[in-house]
Amino acid sequence: MASPAPRLPVAGPSSEPKASMLKRMGGPSDLKAGVGRGGIRTAEEIQHIVHEVSKRSKYFKDQERRDRELQVKVDKLKGRLAQEELTARGDEEDKADAILKELEETRDLSRVIALIDADAFYAACHVRVNPELEGKAFGVGGGMLTTASYGARKYGCRSAMPFFIAQKLCPHLVSLKLEPDLYVKASREIFAVLSKYGTIAPASLDEAYVDLTQYCADQDVTPTEAITRLRAEVQATTGLTVSAGVSPNKTLSKIAADVNKPNGQFVIDPTREACMEFIQGVRLRKCFGIGRVCETLLNGIGLETVGDIFRDRAKLYLVRHHLGQSAHFRFLLGLYLGLGRNRVKRAKRGDRKTYGVEKTFTPTSDPGKLDDVIRRVAKSLAKDLKRADFSGRTVTLRIKHADFVSVTRAHTPGKNIYLRDYKDLVRIGLMLLHKEIDERPKLIARGEEVKGGRNPVLKARLLGLRVGNLRDERALAKANKLDGWVRVSSRSTPEIELSDSDTDVQRDSDLDDDEDEDDDEADPGKRALNAVMRDAAIDPFADAGDGEGGVKKEDAACDPAAFGGASGSGSGSWMCVDDYDNDAEDEDAEVVRGRFGVHRGATVPKPSQRRAQQPSSSTIVQGSSLAAASRAGSPPKRKSPAAEDASANEKGKKRRIRKEEEEAAKPASGNEWTCPVCDKVFAGSEAAMSGHVAKHFADDEPPARPKVKVKKECGSLGGGGMGGSKVSSKTKVKGKGRKG
DNA sequence: GCGGATCAC
DNA sequence: TATGGTGATCCGC
Ligand SMILES: Nc1ccn([C@H]2C[C@H](O)[C@@H](COP(=O)(O)OP(=O)(O)OP(=O)(O)O)O2)c(=O)n1
């Protein structure tokens with residue numbers, strides 16, 4: 001009110017919409033979808049309509065808040081840059097050039113890597129089954145569109161757009177219900193064809209990298225001929241069209257696949273010049289790993305395209321520590337050079353890190369309703385975990401407040417306590433929720449910060465549970481035949497405060513039995529969706545647990561493709577890559593080596609990769625392994641990028657060790673048995689085993705945790721990385737039976 | 001280990 | 001009226 005400008009907020013033309021908001025809500029920047037050519041509506045028109053329909057919603061208000069916060073970050077970055085420039089030494093470009101030189105030496109143009117991406121995937125799957133949809137404007141997903149047919153994209157409809165808005169853009173638009181089975185089936189068919197051309201690494205249900213190097217050599221054909229054949233065969237056998245990008249690495253292929261999308265392809269010659277020329281003009285946002293925030297920050301200091309990275313390398317160097325996780329210096333330089341990983345490998349069962357289920361509902365503060373959601377979510381999650389045969393040590397509750405601001409609250413019962421059952425999930429979920437509800441008024445009374453507004457009564461629009469720090473029960477049980485014990489132990493999870501948990505649990509039980517039929521999904525619909533997609537991802541390859549995970553980050557710098565994704569639909573199929581090794585050497589300042597980038601989001605770290613290298617023969621104690629790990633990166637180094645890497649590596653190793661432990665337990669047989677909690681191996685009666693296991697729950701400290709042996713991993717440094725061949729052996733832990 | 005932020009599909 | 005679900009990584013505590 002006290003604002004200077006006496007502009008009255010009368011009904012009419014309130015303040016004009018901010019450009020950043022227009023872009024955020026319906027911007028062309030989202031270019032993922034081919035809204036460009038042949039559009040029936042102009043970008044401005046689309047933005048205007050979307051803005052009009054959205055502007056009064058809570059969602060919009062939240063987006064405005066985020067927009068403001070982002071703007072603050074941009075201003076801050078600009079300020080830092082200005083500050084740094086005052087004291088710049090003048091050798092910034094030299095520093096950057098030194099790194100460029102170093103990165104350049106890692107360039108490998110010897111491989112032919114393709115990224116295949118199905119066009120409007122879910123939509124195409126529906127058309128395949130129902131030809132009448134051909135050419136029609138429709139979306140898939142119900143209330144929220146997961147994708148839109150090209151016919152609908154002409155009007156501006158896109159992925160992640162709510163149906164009611166899409167309808168404003170395209171009045172005759174219809175929205176189809178999700179049919180997971182359709183997508184999973186189509187995905188398998190596509191991948192089956194791809195497999196005939198080389199090793200593949202699915203990045204999601206509709207995307208996969210294919211290494212065409214060998215195919216080209218064997219058939220004596222050019223990459224263009226190979227990809228032309230591949231796409232033709234995919235269409236001939238599946239009836240679906242795919243777009244493809246081909247180049248010496250995944251980073252470039254990923255971007256290239258978008259160039260001639262729908263039903264098109266783009267091949268980049270395997271020369272340094274071709275790679276660099278191609279990427280120079282690419283808009284930053286098109287690069288895997290550079291999202292809205294990163295793009296905005298870079299735009300803020302004057303960069304628009306990949307080529308600008310070189311032009312402004314001195315600036316980037318100066319603010320290298322303030323670019324955020326998605327834009328590390330080294331990652332950007334690698335991008336500029338058109339470098340990327342080129343190893344194509346698929347992820348395995350053991351690479352999954354979490355399982356989760358979340359549900360959005362009409363915002364409510366009703367404790368009973370919120371509790372019910374927790375129960376339903378827990379039930380769904382328990383089913384998924386059981387099916388997949390995984391248990392986990394940490395349960396995380398996610399609450400999205402009515403104003404769209406979300407928070408997470410985690411609980412780890414004990415160092416060796418693994419959960420999987422419905423009751424445990426509900427108990428912990430309710431405990432976390434109630435704690436949040438109960439603490440809220442107190443915090444507010446004390447004037448402390450809380451998310452979701454200042455109302456002491458929590459009002460949520462979504463609740464979700466996720467289980468992490470997983471353990472592969474299948475491998476464990478198979479090896480030790482202790483499946484029953486494992487369950488028993490997890491069920492007896494100790495403590496868990498909550499005196500009121502009793503009542504809660506009780507209610508749970510009731511609900512447990514009866515299926516919820518009640519509202520929304522609950523049933524077949526969505527739930528099935530998740531389960532199906534998940535299996536899809538893993539099923540095919542599900543094999544052992546090891547695998548290599550994917551992306552590592554460092555290296556050449558980027559690996560966009562590393563992929564991540566998997567999400568949308570299931571998760572499972574990730575791709576993995578290996579890369580060269582590279583380790584660390586950079587000096588202090590620049591450094592970012594590590595994460596070069598990609599990590600952004602998704603993707604599998606590559607922990608398993610090493611673990612797979614050798615059968616479980618040679619072994620070293622955990623301590624040694626960790627020591628080696630830390631050594632690789634840099635010990636207590638600071639947060640410099642290098643540190644990032646080291647840190648990441650270490651985590652990966654720890655994880656690997658956990659798996660190794662399982663592996664180690666495997667050999668048990670005869671009178672030998674392995675404690676499902678501490679993994680120690682004993683020889684003795686069942687009674688003895690029972691007694692030992694019970695000790696774990698007697699008090700918090702379990703019996704002495706044995707040192708675990710792990711096999712030595714191949715040097716993370718150099719040569720190690722690659723070798724894909726030897727890897728396989730150990731994996732067979734679970735064999736084919738995965739059915740789930 | 002936890003929680004927030006980013007990113008991808 | 002009205003804006004999803006799933007999973008991963010990084011960073012700073
Ligand atoms: N926010 C999103 C984005 C995508 N998907 C799902 C539906 C898509 O069909 C599928 C593949 O996503 P893509 O990004 O590859 O997009 P499309 O294949 O739909 O279209 P395009 O032709 O642009 O690749 O993933 C989703 O559920 N949620």
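This is a predicted model, so every value here is computed, not measured. Naming: A, B, ... by sequence-line order, numbering from 1 per chain.
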Q.
Considering every strand and a 4.0 Å limit on heavy-atom distances, what is the contact class for A/Lys61: base, sugar-phosphate, or nothing?
A. nothing
Q: Establish, with yes or no, whether the OP1 or OP2 oxygen of C/dA8 is under 4.0 angstrom from a side-chain nitrogen or oxygen of A/Thr354.
A: yes
Q.
By the 4.0 Å heavy-atom rule, please label A/Ser54 as base, sugar-phosphate, or nothing.
A. base
Q | Nucleotide nearest A/Arg352 when distance is taken to its side chain, options C/dA8, B/dC2, C/dG5 | A | C/dA8
Q. What does A/Thr146 touch in the nucleic acid at a heavy-atom separation under 4.0 angstrom: a base, only the sugar-phosphate, or nothing?
A. base
Q. Any side-chain heavy atom of A/Leu419 within less than 4.5 Å of one from A/Ser391?
A. no
Q) Are any of A/Lys353's side-chain N or O atoms less than 4.0 Å away from OP1 or OP2 of C/dT9? A) yes
Q | Nearest to side-chain heavy atoms of A/Ala160, which nucleotide of C/dG4, B/dC9, B/dT6 | A | C/dG4
Q. Separation of A/Lys58 atom NZ from C/dT3 atom P, in whole Å?
A. 8 Å
Q: Please state whether the phosphate of C/dA2, meaning OP1 or OP2, lies under 4.0 angstrom from any side-chain nitrogen or oxygen of A/Arg56.
A: no
Q) Contact class for A/Arg409 (heavy atom, under 4.0 Å): base, sugar-phosphate, or nothing? A) sugar-phosphate
Q: Kindly state whether the ring of A/His126 and the ring of A/Phe121 have centres lying under 6.0 angstrom apart.
A: no
Q: Check the distance between C/dG7's P and A/Tyr355's OH and give it to me in whole angstrom.
A: 8 Å
Q: Return the 5'-most residue of the pair A/Leu70, A/Asp117 with respect to DNA chain B, ranking by each residue's nearest nucleotide.
A: A/Leu70
Q: Round to the nearest Å and state the distance from A/Tyr122 atom OH to C/dG5 atom P.
A: 13 Å
Q) Separation of A/Tyr209 atom OH from B/dA8 atom C1', in whole Å? A) 11 Å
(Q) How many whole angstroms separate atom CD of A/Glu358 from atom P of C/dA8? (A) 13 Å
(Q) A/Asp117: which residues meet the salt bridge (Lys or Arg N to Asp or Glu O under 4.0 Å) condition with it, sequence neighbours left out? (A) A/Lys261
Q: Identify whether any heavy atom of A/Leu145 sits under 4.0 Å from a base atom; if not, whether one sits that close to sugar-phosphate; answer base, sugar-phosphate or nothing.
A: nothing
Q: Give the minimum heavy-atom separation between A/Ile46 and A/Arg158, together with the two atoms involved.
A: CG2-NH1, 4.4 Å
Q. What are the two closest non-hydrogen atoms of A/Ala166 and A/Leu145, and how far apart are they?
A. CB-CD1, 3.6 Å
Q: State, yes or no, whether a side-chain contact exists between A/Val357 and A/Leu465 at a heavy-atom distance under 4.5 Å.
A: no
Q: Classify the nucleic acid contact of A/Ser57 as base, sugar-phosphate or nothing, counting any heavy atom under 4.0 Å across all strands shown.
A: base
Q) Where along residues 397-405 of chain A does a heavy atom come under 4.0 Å from DNA chain C, residue by residue in number order? A) A/Lys400, A/Phe404
Q) Of A/Val407 and A/Cys294, whose nearest nucleotide on DNA chain B comes first from the 5' end? A) A/Val407
Q) Would you call the rings of A/Phe60 and A/His51 parallel, tilted or perpendicular, where under 30° means parallel and over 60° means perpendicular? A) perpendicular
Q: Could you check whether A/Asp206 gets within reach of a base, just the sugar-phosphate, or nothing at all, counting any heavy atom under 4.0 Å?
A: sugar-phosphate
